Enquirer: 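To start, I am sharing the structure in question, which I have written as structure tokens.
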Amino acid sequence: MAINLIISTPNGKFVDNKKVDIINLKTIDGDIGVLGNMSPLVTALKIGNMNFKVNNQTQWIHLHRGLAIINATECKIITERLYLVNENGTKVPTPDKLD
């Protein structure tokens with residue numbers, strides 16, 4: 001079951017209601033995988049790389065801390081800074097908004 005991903009920064013929404021299969025986050029309590037139909041959760045995020053998968057394609061994003069608000073249908077991430085990285089963690093060109 002898919003879950004909607006929303007990532008907001010001070011510059012606006014970087015990801016806006018993208019249906020994804022799974023979201024992997026680094027929280028202050030450890031790494032978590034977020035799927036549809038999860039119990040509600042609010043957690044602080046550590047500096048590090050997150051990723052999400054859509055149709056077996058993985059997208060990596062480096063987050064500079066933040067907050068994740070999760071419910072059964074969506075995962076909202078609020079962060080001050082972010083940029084795209086590849087699977088090795090190397091920074092790659094980052095657009096203003098990810099489609």
Side-chain angles (χ1 to χ4, degrees):
M1 172 176 233
I3 186 165
N4 291 326
L5 174 62
I6 301 163
I7 302 177
S8 296
T9 70
N11 297 327
K13 289 186 179 176
F14 183 69
V15 176
D16 191 8
N17 272 332
K18 185 173 189 76
K19 289 203 180 296
V20 301
D21 300 322
I22 187 169
I23 305 160
N24 296 298
L25 300 170
K26 293 187 180 300
T27 76
I28 60 171
D29 296 315
D31 295 352
I32 62 168
V34 179
L35 300 166
N37 259 354
M38 283 192 62
S39 296
L41 172 70
V42 176
T43 186
L45 301 173
K46 294 187 338 183
I47 294 174
N49 298 335
M50 65 157 286
N51 69 61
F52 61 87
K53 289 186 181 182
V54 179
N55 297 327
N56 236 9
Q57 298 290 326
T58 304
Q59 178 73 62
W60 295 84
I61 301 173
H62 179 85
L63 300 176
H64 188 78
R65 294 190 183 96
L67 188 66
I69 304 152
I70 302 162
N71 64 40
T73 60
E74 69 182 13
C75 175
K76 294 179 187 175
I77 296 173
I78 302 167
T79 185
E80 191 169 322
R81 287 191 311 239
L82 61 76
Y83 54 84
L84 297 179
V85 294
N86 62 22
E87 61 276 357
N88 298 320
T90 305
K91 187 175 179 179
V92 298
T94 303
D96 291 334
K97 185 173 181 178
L98 194 63
D99 293 322

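These figures come from a predicted structure and were not determined experimentally.
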Enquirer: Treating Ile, Leu, Val, Met, Phe, Trp and Tyr as nodes and any side-chain heavy-atom pair under 4.5 angstrom as an edge, say whether Leu41 and Val20 lie in one connected cluster.
Expert: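 Yes: a chain of side-chain contacts under 4.5 Å links Leu41 to Val20.
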Enquirer: Using 0.5 Å steps for rounding, measure from the CG atom of Asn86 to the CD atom of Gln59.
Expert: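 Rounded to the nearest 0.5 Å, the CG-CD separation comes out at 10.5 Å.
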Enquirer: Just by distance, do the side chain of Ser8 and the backbone of Lys13 share a donor-acceptor pair under 3.5 Å?
Expert: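 Absent.
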Enquirer: Is any side-chain heavy atom of Asp31 less than 4.5 Å from a side-chain heavy atom of Asn24?
Expert: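 When only atoms from C-beta onward are counted, Asn24 and Asp31 do not touch, as no gap falls below 4.5 Å.
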Enquirer: For residues Ile6 and Ile70: do they belong to one hydrophobic cluster (side chain heavy atoms under 4.5 Å, members Ile, Leu, Val, Met, Phe, Trp, Tyr)?
Expert: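 Unlinked, Ile6 and Ile70 end up in two clusters.
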Enquirer: If two hydrophobic side chains count as joined below 4.5 Å and joins carry through other members, does Val15 share a cluster with Ile78?
Expert: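 No; Ile78 is not reachable from Val15 via cluster members.
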Enquirer: If you round to the nearest 0.5 Å, how far is CD1 of Ile22 from CG of Leu5?
Expert: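 Rounded to the nearest 0.5 Å, the CG-CD1 separation comes out at 12.5 Å.
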Enquirer: Going by atom types alone, do Lys19 and Asn4 pair a side-chain donor with an acceptor below 3.5 Å?
Expert: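 Note: Lys19 and Asn4 side chains meet the donor-acceptor criterion.
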Enquirer: To the nearest 0.5 Å, what is the distance between OG1 on Thr43 and CG on Asp29?
Expert: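 Separation between the atoms: 5.0 Å.
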Enquirer: Determine, using the 4.5 Å side-chain heavy-atom cutoff (strictly less than), whether Leu98 and Ile3 are members of one ILVMFWY cluster.
Expert: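 Leu98 clusters together with Ile3.
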Enquirer: Are any of the side-chain heavy atoms of Asp96 and Asn11 separated by less than 4.5 Å?
Expert: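 Side chain of Asp96 against side chain of Asn11, heavy atoms only: no contact under 4.5 Å found.
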Enquirer: Hey, does the side chain of Lys18 reach the backbone of Asp99 with a donor-acceptor pair shorter than 3.5 angstrom?
Expert: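 Looks like yes, one N/O pair under 3.5 Å.
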Enquirer: Under a 4.5 Å cut-off applied to non-hydrogen side-chain atoms, are Phe14 and Ile61 in contact?
Expert: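 When only atoms from C-beta onward are counted, Ile61 and Phe14 do touch, with a gap below 4.5 Å.
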Enquirer: For the residue pair Lys97 and Asp16, establish whether any side-chain heavy-atom pair is separated by less than 4.5 Å.
Expert: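 Side chain of Lys97 against side chain of Asp16, heavy atoms only: contact under 4.5 Å found.
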Enquirer: At their closest point, which heavy atom of Cys75 faces which heavy atom of Ile23, and how far apart are they?
Expert: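 Smallest interatomic distance, heavy atoms only, reads CB-CD1, 3.6 Å.
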Enquirer: Could you state the interatomic distance from NZ (Lys76) to CG (Asn17), rounded to the nearest 0.5 Å?
Expert: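 It comes to 9.0 Å.
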Enquirer: Within the side chain of Thr58, is there an N or O that forms a donor-acceptor pair under 3.5 Å with the backbone of Asn56?
Expert: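 Absent.
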Enquirer: Report yes if the side chains of Leu82 and Ile77 come closer than 4.5 Å at any heavy-atom pair, otherwise no.
Expert: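 Heavy-atom side-chain distance check fails, nothing below 4.5 Å.
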Enquirer: Do you reckon Ile32 sits in the same ILVMFWY cluster as Val42, going by side-chain contacts under 4.5 Å, direct or chained?
Expert: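 Different clusters: Ile32 never reaches Val42 through Ile, Leu, Val, Met, Phe, Trp or Tyr contacts under 4.5 Å.
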Enquirer: Starting at CD of Glu80, measure out to CD1 of Ile47 and round the result to the nearest 0.5 Å.
Expert: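 Result: 10.5 Å between the selected atoms.
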Enquirer: Check Pro10 against Thr79 and note the closest heavy-atom contact, atom names and distance.
Expert: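 So the two residues come closest at CD-O, 3.5 Å.
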Enquirer: Would you call Asn49 and His62 a side-chain contact if the rule is heavy atoms closer than 4.5 Å?
Expert: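 In contact.
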Enquirer: Roughly how far apart are Phe52 CZ and Asp21 CG, rounded to 0.5 Å?
Expert: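 Nearest 0.5 Å value for the CZ-CG distance: 10.5 Å.
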